[in-house]
Amino acid sequence: MLPDATGLVEKMKRAALNAQESVKPVNVYFGEVVGTGPLEINVEQKMILGEGQLILTRNVTDYETLATLNWDTEEEKETHTHTSPAGVTGNQSKPHTHEITGEKQLTVHNGLGVGDAVILIRQQEGQKFIVLDRIGL
């Protein structure tokens with residue numbers, strides 16, 4: 001083939017591949033966390049993605065949330081000190097429980113760790129990957 005024809009054929013191949021990719025609604029990948037400081041994920045043993053290429057969902061990050069609680073602690077049998085809201089301090093020696101109620105701020109520890117298997121979706125026509133969740137147990 002002539003040099004100009006070869007370049008034209010290559011451009012046509014690339015255009016066909018790009019057109020084919022653009023009709024795919026989503027590309028799903030599987031990966032494994034290989035580093036956490038900074039976060040790195042080995043995708044299908046072909047490439048390592050860094051933090052700049054990753055979009056993390058709440059399923060794979062530590063986050064704080066409000067929760068409404070209503071339970072009693074386990075029975076306390078040891079002698080310990082209580083301070084009342086009025087600031088009065090006293091010793092409690094009888095077995096008892098403590099009621100925990102109301103809206104409380106909680107931290108959910110969902111951050112990724114080395115060795116975690118994850119499922120990712122590649123952003124269409126982009127270099128960003130959304131880390132959906134862990135795989136497995």
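Keep in mind the model is a prediction, meaning the values are calculated, not measured.
- With sequence neighbours excluded, the residues that form a side chain to side chain contact (heavy atoms under 4.5 Å, CB included) with Lys46 are Glu44.
- In this structure, Asp133 CG and Leu120 CG are separated by 10.5 Å, a value rounded to the nearest 0.5 Å.
- Here Ile130 contributes atom CD1 and Ile119 contributes atom CD1; the two are 12.0 Å apart, rounded to the nearest 0.5 Å.
- Atom CD1 of Ile121 is separated from atom CZ of Phe129 by 11.0 Å, given to the nearest 0.5 angstrom.
- Two different hydrophobic clusters hold Val60 and Ile55 under the rule that ILVMFWY side chains link at heavy-atom gaps under 4.5 Å.
- In the hydrophobic cluster analysis, where Ile, Leu, Val, Met, Phe, Trp and Tyr join through side-chain heavy atoms closer than 4.5 angstrom, Val43 is grouped apart from Val28.
- Applying the side-chain hydrogen bond (donor to acceptor under 3.5 Å, both in side chains) test to pairs two or more places apart or on separate chains, those with a residue in residues 108-119 are Asp116-Arg134.
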Table please: side-chain donor-acceptor pairs of residues 29-39 below 3.5 Å, with sequence neighbours left out.
none

Practice problem: Would you check, one step at a time, whether the test side chain to side chain contact (heavy atoms under 4.5 Å, CB included) holds for Leu112 with Val131? | Solution: CA-CA 10 Å; Leu112 294 170; Val131 184; 4.3 Å; yes
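- A side-chain hydrogen bond (donor to acceptor under 3.5 Å, both in side chains) check over residues 47-68, counting only residues at least two apart or in different chains, returns the pairs Glu64-Gln105.
- For Glu10, the salt bridge (charged side-chain N to carboxylate O under 4.0 Å, His left out) test picks out Lys13, with sequence neighbours left out.
- Here the CG atom belonging to Asn70 is positioned 11.0 Å from the NZ atom belonging to Lys104, to the nearest 0.5 angstrom.
- Not a single salt bridge (charged side-chain N to carboxylate O under 4.0 Å, His left out) links Lys11 to another residue, sequence neighbours left out.
- A distance of 4.5 Å separates CD in Glu103 from CG in Leu66, rounded to the nearest 0.5 Å.
- Asn27 contributes atom CG, which lies 11.5 Å from atom CD of Gln123 (distance to the nearest 0.5 angstrom).
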